[in-house]
Amino acid sequence: MANIYFDYAATTPTHPDVLAKMLPYFTELYGNPSSIYKFAQGNKTVLDVAREQVATAIGADEKEILFTSGGTEADNWAILGVAESYKNKGNHIITSSIEHHAVLHTCEYLEKNGFEVTYLPVDSDGVVSIDALKNAIKDNTILITIMYANNEIGTIQPIKEIGIIAKEAGVLFHTDAVQAVGHVPIDVIDNHIDLLSISAHKLYGPKGPGALYIKKGVKLKAFIHGGGQERKRRGGTENVPGIVGFGAAIERATKFMETESARQLILRDYLIEQVLEKVPFAQLNGHPTNRLPNNANISFDFIEGESMLIMLDMQGFCASSGSACTSGSLDPSHVLLAIGLKHESAHGSLRLTLGESNTKEQIDQFVEALIKIVARLREMSPLYEDYKKNNEV
Ligand SMILES: *Cc1c(COP(=O)(O)O)cnc(C)c1O
């Protein structure tokens, strides 16, 4: 049975063209970019090419791109780096309540170490409150870190508005753009972004490489202490094959973004429409229009997301949920709770994220399977029994 993959927000496959460009750097072209002979110097050049490819994708200069080992590291560096480098200016950080754990847990770590963090609320669509942001800025605020687009509900934040507010207040602005880069157009200058995190494996590149954009003039201290790599700020022999793949993937994603995102958006809307029309007691989570072109997040009353995932998996469908067990904790997704969902609805949610391989036929197959799965689970659900009794359905 073939897998039908609807979990592109979790990771994407490395595109074969990208892999082909990476392969020689594992075998023939294995030189260390720090070595002085010509054989290895070529590998220094390919790092520069990749740096340029990443920079171009977000409207930055290549000198402003520093490679990391993924999005989590880029988020850690941005936040811990500003905290350390700007602590003489203040100890207050503003973030949102719906960030990825790479941001939230880093902020929580700083709170235990003398920093003060404000977690901004979001509205029922998952949009950060601009008024709350303006009110939260104080004399000792050094950083605003708010994600570009949410990985669970897909909502895209008013990034430019936030950038302008940060700029006017003289506060640095970091955005976790891991879900957005390669999917929606991004320009760091136009949006007044000072720091931006990217990950290769969310845009058809390999797992591992990532980058932090650090705007010229922003002084961040070294994050990994070691050799002089990455402008002496992120030591360690560069992941040459990974970075080559990252560069190739981001260039490719940017090139096809307009057509591919438009295609996925049509599929996404079709998926949402079909599910809401054919499955009773279902509701869309996240902003209805201002959302990632590939994200659908839907809650189903009276049932567990976890059970839906298992039954979908038995039929070859890969998806995610905001339910408890997947994350290994009893609490449902902090994002779904932040947009005001009740615990039961948050537990009964499915995240479907589309990608290059998906077709309309797959969505039809999925919807057909889902209708039956939801009906079966509801038959077994005491919550649904109660509801029927109380409402005489
Ligand atoms: C996947 C993801 C990350 C983490 O990136 P890794 O490269 O897997 O470490 C961070 N933020 C968001 C929004 C993500 O979706």
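Under a hydrophobic clustering in which Ile, Leu, Val, Met, Phe, Trp and Tyr are joined whenever their side-chain heavy atoms come within less than 4.5 Å, directly or via other members, Leu120 and Leu337 fall into different clusters. No single ILVMFWY cluster, assembled from side-chain heavy atoms under 4.5 Å apart, contains both Ile137 and Val117. Under the 4.5 Å side-chain heavy-atom criterion for ILVMFWY residues, no single connected hydrophobic cluster contains both Ile159 and Ile164. The same ILVMFWY cluster, assembled from side-chain heavy atoms under 4.5 Å apart, contains both Val82 and Leu212. Residue Val49 is not grouped with residue Val244 when hydrophobic side chains (ILVMFWY) are merged at heavy-atom distances under 4.5 angstrom, including chains of intermediate members.
Applying side chain to side chain donor-acceptor pair (under 3.5 Å) to His201 and the options Thr12, Thr11, Thr14 leaves one that passes, Thr11. Checking Ile165, Ile93, Ile94, Ile144 one by one against Val171, the side-chain contact (heavy atoms from CB on, under 4.5 Å) holds for a single residue, Ile144.
In Glu258, the CD atom is not crowded: 12 or fewer heavy atoms of neighbouring residues, nucleotides or ligands sit closer than 6.0 Å. The number of heavy atoms from other shown groups lying within 6.0 Å of NZ (Lys215) is above 12. Annotation for Tyr109: atom OH does not count as buried by contact number, only 12 or fewer foreign heavy atoms lying within 6.0 Å. Atom NZ of Lys167 is surrounded by 12 or fewer heavy atoms from other residues, nucleotides or ligands within 6.0 Å.
Residues Ser321 and Met308 have side chains not in contact (no heavy-atom distance under 4.5 Å, counting atoms from C-beta outward). Using a 4.5 Å heavy-atom cutoff, the side chains of His15 and Leu19 are not in contact. No side-chain heavy atom of Thr106 sits less than 4.5 Å from a side-chain heavy atom of Asp75. At a threshold of 4.5 Å between non-hydrogen side-chain atoms, the residues Lys360 and Ile363 do not count as touching. Within the 4.5 Å cutoff, no side-chain heavy atoms of Ile272 are placed close to those of Leu352. At a threshold of 4.5 Å between non-hydrogen side-chain atoms, the residues His100 and Val178 do not count as touching. Residues Ile58 and Tyr213 have side chains in contact (heavy-atom distance under 4.5 Å, counting atoms from C-beta outward). Within the 4.5 Å cutoff, the side chain of His174 has no heavy atoms near those of the Leu196 side chain.
Here the side chain of Asn191 pairs no donor or acceptor atom with the backbone of Ile193 at under 3.5 angstrom. Remark: side-chain polar atoms of Glu64 are paired, donor with acceptor, to backbone N or O of Lys216 under 3.5 angstrom. In this structure, the side chain of Asn43 engages the main chain of Gly31 through a donor-acceptor pair within 3.5 Å. A donor-acceptor contact shorter than 3.5 Å is absent between the side chain of Thr155 and the backbone of Arg291. Of the possible polar contacts, one joining the Asn297 side chain to the Glu152 backbone as a donor-acceptor pair under 3.5 Å is found. Side-chain atoms of Ser85 come within 3.5 Å of backbone N or O of Lys221 as a donor-acceptor pair. Asn390 places a side-chain N or O within 3.5 Å of a backbone atom of Asp386 that can act as its donor or acceptor partner. Between the side chain of Asn140 and the backbone N or O of Gly90 there is no donor-acceptor pair closer than 3.5 Å. The backbone N or O of Gly114 lies less than 3.5 Å from a partner atom in the side chain of Asn91, making a donor-acceptor pair. Looking only at distances, no side-chain donor or acceptor of Glu230 sits under 3.5 Å from a matching main-chain atom of Leu66.
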Item to complete: Take Glu368 and Lys278 through the test salt bridge (charged side-chain N to carboxylate O under 4.0 Å, His left out) and record every step on the way to the result.
Response: CA-CA 9 Å; Glu368 204 178 306; Lys278 296 187 173 161; over 6 Å; no
Discussion item. Between His92 and Thr141, is the side-chain hydrogen bond (donor to acceptor under 3.5 Å, both in side chains) condition met? List the steps.
Written reply: CA-CA 4 Å; His92 178 232; Thr141 308; 2.7 Å; yes
Worksheet item: After noting the C-alpha distance and the side-chain angles of Trp77 and Arg234, does the key distance pass the side chain to side chain contact (heavy atoms under 4.5 Å, CB included) rule?
Response: CA-CA 10 Å; Trp77 187 3; Arg234 202 278 176 194; 4.0 Å; yes
Item to complete: Start with the C-alpha gap between Glu260 and Arg263, add the side-chain angles, then the distance that decides, and say whether salt bridge (charged side-chain N to carboxylate O under 4.0 Å, His left out) holds.
Response: CA-CA 5 Å; Glu260 185 54 26; Arg263 190 189 76 89; 3.0 Å; yes
Discussion item. Using side chain to side chain contact (heavy atoms under 4.5 Å, CB included), reason through His334 and Ser97 one step at a time and then give a plain yes or no.
Written reply: CA-CA 8 Å; His334 64 287; Ser97 47; over 6 Å; no
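For Glu356, the side chain to side chain donor-acceptor pair (under 3.5 Å) test picks out Arg252, with sequence neighbours left out.
In this structure, Tyr387 has its ring center closer than 6.0 angstrom to the ring center of Phe302. You'll find the ring centres of Tyr30 and Phe39 inside the 6.0 Å limit.
Rounding to the nearest 0.5 Å places CZ of Phe300 at 13.0 Å from CZ of Phe281. Rounding to the nearest 0.5 angstrom, the gap separating the CG atom in Asn239 from the CE atom in Met22 is 7.0 Å. Rounded to the nearest 0.5 angstrom, Leu143 CG and Thr95 OG1 are separated by 8.0 Å. Atoms NE2 and OG, from His347 and Ser333 in turn, are 10.0 Å apart once rounded to the nearest 0.5 Å. The line from CG of Leu370 to CD1 of Ile298 is 8.0 Å long, rounded to the nearest 0.5 Å. Rounding to the nearest 0.5 Å places CG of Leu220 at 5.5 Å from CG of Leu195.
Smallest separation of non-hydrogen atoms from Ala149 and Ile156: CB-CG1, 4.0 Å. Scanning both residues, Asp187 and Ile189, for their nearest heavy atoms gives OD1-N, 2.9 Å. Between Asp301 and Ser345, the shortest heavy-atom contact is OD1-OG, 3.9 Å. Nearest heavy-atom pair across Ala369 and Gln315 is CB-OE1, 3.5 Å. Summarising the geometry of Val279 relative to Ile371, their closest heavy-atom pair is CG2-CG1, 4.1 Å, with the distance given to 0.1 Å. In plain terms, the two heavy atoms of Pro206 and Ala200 that are nearest each other are O-CB, 3.4 Å.
We find that Glu385 and Lys388 are joined by a salt bridge, their nearest charged nitrogen and carboxylate oxygen being less than 4.0 Å apart. Under the 4.0 Å criterion applied to side-chain N and carboxylate O atoms, Lys138 and Glu116 are assigned as salt-bridge partners.
No cation-pi contact links Lys202 to Tyr8, judged by a cut-off of 6.0 Å to the six-membered ring centre and 45° from its axis.
A donor-acceptor contact closer than 3.5 angstrom links the side chains of Glu99 and Ser96. Asn285 and Ser299 form a side-chain donor-acceptor contact under 3.5 Å, judged by distance and modelled atom types alone. Inspection of the Thr353 and Arg268 side chains reveals no N or O donor paired with an N or O acceptor under 3.5 Å.
Every pair tested for ring pair (Phe, Tyr, Trp, His ring centres under 6.0 Å) that includes a residue from residues 115-154 fails, sequence neighbours excluded, so the list is empty.
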